[in-house]
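Note that ligands are numbered from 1 as they come in the structure, with each ligand's atoms numbered from 1 the same way.
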Amino acid sequence: MEKYNHKYGAEQIQVLEGLEAVRKRPGMYIGSTSVRGLHHMVYEIVDNGVDEALAGYCTEINVVIEKGNIISVKDNGRGIPIEIHPKTHISTAETVYTVLHAGGKFGGDSGYKVSGGLHGVGASVVNALSAWTEVTIARDGGLFQMSFEKGKTVKKLEKIGESKTTGTKVRFLADDTIFESLDYEYEVLEKRLREIAFLTKGLKITIEDQREETPKKAEFCYEGGLNSFVEYLNKNKEKIHPKPIYIEKGGEIPVEIAIQYTTSYSENIYTFVNNINTIEGGTHLEGFKRALTKVFNDYARSHNILKEKDNNLQGEDIREGITAVVSVKVKEPQFEGQTKTKLGNSEVTGVVQSMVNEALSTFLEENPQVAKAILEKCVSASRAREAARKARELVRKKSNLETSTLPGKLADCSSKVADECEVYIVEGDSAGGSAKQGRDRKFQAILPLWGKMLNVEKARADKIYGNDKLNPVIVAIGAGIGSDFDITKIRYGKVIIMADADVDGAHIRTLLLTFFFRYMRPLIENGNVYLAQPPLYKLSKKGMEDVYCYTEEDLEKSYKELAEKGIARETLSLQRYKGLGEMNPEQLWETTMNPETRILIKVTMEDAIKADEIFTLLMGDEVEPRREFIQKNAKYVKNLDI
Ligand code: 0R9
């Protein structure tokens, strides 16, 4: 049996120190040690397989969540090189797994490494943060294996058999002393793998969850690439033209774009850089938007759809109802913004802009039917915008939107320093009453909402300004909506949605999140939107301080902890809260509003996108998918009033 043994040299000692640094500050390398970071461990390994696919050598990647939360990722590429590396004097494969950033540095990246997780840190970080890792390589007719514990080599690469195929398989168990939890969410991994498959035309990706009795499975492979992505995003929407518009260009900065318009009023543009979702946009999005506005205006002018006297269509008119995916590959991407998901490379704007200018104007000339259908929609959006402006002015005059008249239902706080102020948007009048009494009026404002909400899916901005449910929310926040929205004017640093933990509460939450997502998006991007988490249960006993539990697991944990203190389960009385209204003001303060003890969940763009998707499904025009969703989720949506 061939062995790749070697003494540790100076480089190897440095290596161990490097991986020790990763274990000391895991957050710096993997983003966080929450489940989010845990999922990134999987993406890092999958990305290495995707790189091999982009280099043209791998056609399939298989991901398995094995029992005990062990992850296995296998690709059918060339296999990681096994020969002794001239610099480290150990096998290249071991080098990749033990030297920080070695994948790129040691030239194994096919010269053009474009894929990469959020942090692009690679195999050695995953290895450092795993209780154990096992790597099996099929290459040169042999099967080779090596293994590690907490980043340290415990079995050097050795030949364990023969193989007729080639490929790499990595199995690892994330270290539970580093991560808060090892519970992978199948749906989260599935969604990301589907996304990668859309972004990597022709690559087959499978996922299997073996943790349950009946394993969950999915397989993704899209020959249509981004076209399939856009069709998937629009599957429940009414399309304005049958096929997505597809543009692609190679070169130094490859760009791939698919566009399809629907009859909806929202704008859904998803952008990716090296397969990473750039939620905050950036220079590629900027270039895309500029070109879109110019091409449609030029076409409308030259085909007399816009007359000489007419104003140009504005960007937002042209983007109403658009679903688009923009994917670019950049060799040295600069990520900026709060969550480091905004592309900063200035050279990308011009590249995207000129390629869209050219390809889209050619497409419109060659497909006049499609051009006409889209422009009709844009012109109608522009008229609606004009109507909205008038409605807004009317409302402003009526209710002094921009001056001091706040909604009558709002119990405002006394502080005027937005950063320290919070507004609780509370479902129902009775909960609103308790919240008003229980709050700290210095910095907490309460806005009760009641009755049936407006369906924002079916309304344009003009209807929203005049709406008696949403108008108080807009006025209380004080920063306008849509393209008028000005984050510097917000009156509260925290906008907190407080709704019951039942289906009606979920309905209100979905509605408000969708509204914020569509009309006050910077509020979510800036991290100002929160969900309050009221307790589900109260455990009490004479002489004992009440114990509040926020989840089922929380309740079980509390029972256990109290039992350890000699308080038996049978002696405790359990109250289940059906709604916020059941709590008195003091209880509401203690459990849900006191900054010292409450639990607040910060809403991310991903939450908002999910809410928007559910919303489109529930409120949109397509009946069949809605029926399917309700049937599938019948036990949760029994009381949902739609
Ligand atoms: C299951 C996850 N897959 C991987 O981690 C993986 C890495 C990898 C790879 C190469 C091929 N397949 C891979 N799968 C590879 C091979 C060759 C050149 N470049 C890349 C070759 O045969 O010449 N590697 C990624 C980094 C490295 N290999 C290297 F640094 F070791 F070269």
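Here Asp209 does not pair with Lys217 in a salt bridge; the nearest charged N to carboxylate O distance is not below 4.0 Å. Taking the charged nitrogens against the carboxylate oxygens, Lys216 and Glu208 have no contact shorter than 4.0 Å, which rules out a salt bridge. The existence of a salt bridge linking Lys155 and Glu94 is excluded, since no basic side-chain nitrogen approaches an acidic carboxylate oxygen closer than 4.0 Å.
Here is the list of ligand 1 atoms found below 4.0 Å of a heavy atom in Ile45: 2 (C). Each of the atoms 31 (F) of ligand 1 lies under 4.0 Å from some heavy atom of Thr92. Those atoms of ligand 1 that come under 4.0 Å of a heavy atom in Glu52, given as number and element, are 10 (C), 11 (C), 12 (N), 15 (C), 20 (C).
For a threshold of 3.5 Å applied to N or O pairs, the pair formed by Arg139 and ligand 1 contains at least one separation below that value. Below 3.5 Å of separation, one finds no N or O of Lys169 facing any N or O of ligand 1.
Below 30°, between 30° and 60°, or above 60°: for His40 and Tyr43 the angle between ring planes is above 60°, a perpendicular geometry.
Closest heavy-atom contact between Met146 and Lys156: CB-C, 3.9 Å.
Heavy atoms of Val96 found under 4.0 angstrom from ligand 1 belong exclusively to the side chain.
The residue among Glu44, Glu94, Arg78, His85 with a heavy atom at the shortest distance from atom 23 (O) of ligand 1 is Arg78. When the heavy atoms of Val73, Asn76, Asn62, Ile61 are ranked by distance to atom 1 (C) of ligand 1, first place goes to Val73. For atom 16 (C) of ligand 1, the nearest non-hydrogen atom from the set Gly79, Gly167, Gly122, Ala93 comes from Gly79.
Here the options are Arg521, Arg319, Arg518, the test is salt bridge (Lys or Arg N to Asp or Glu O under 4.0 Å), and the partner is Glu267; only Arg319 passes.
Ring centers of Phe198 and Tyr232: under 6.0 Å apart, within the cut-off.
Contact annotation: Ala123 has no heavy atom less than 4.0 Å from any atom of ligand 1.
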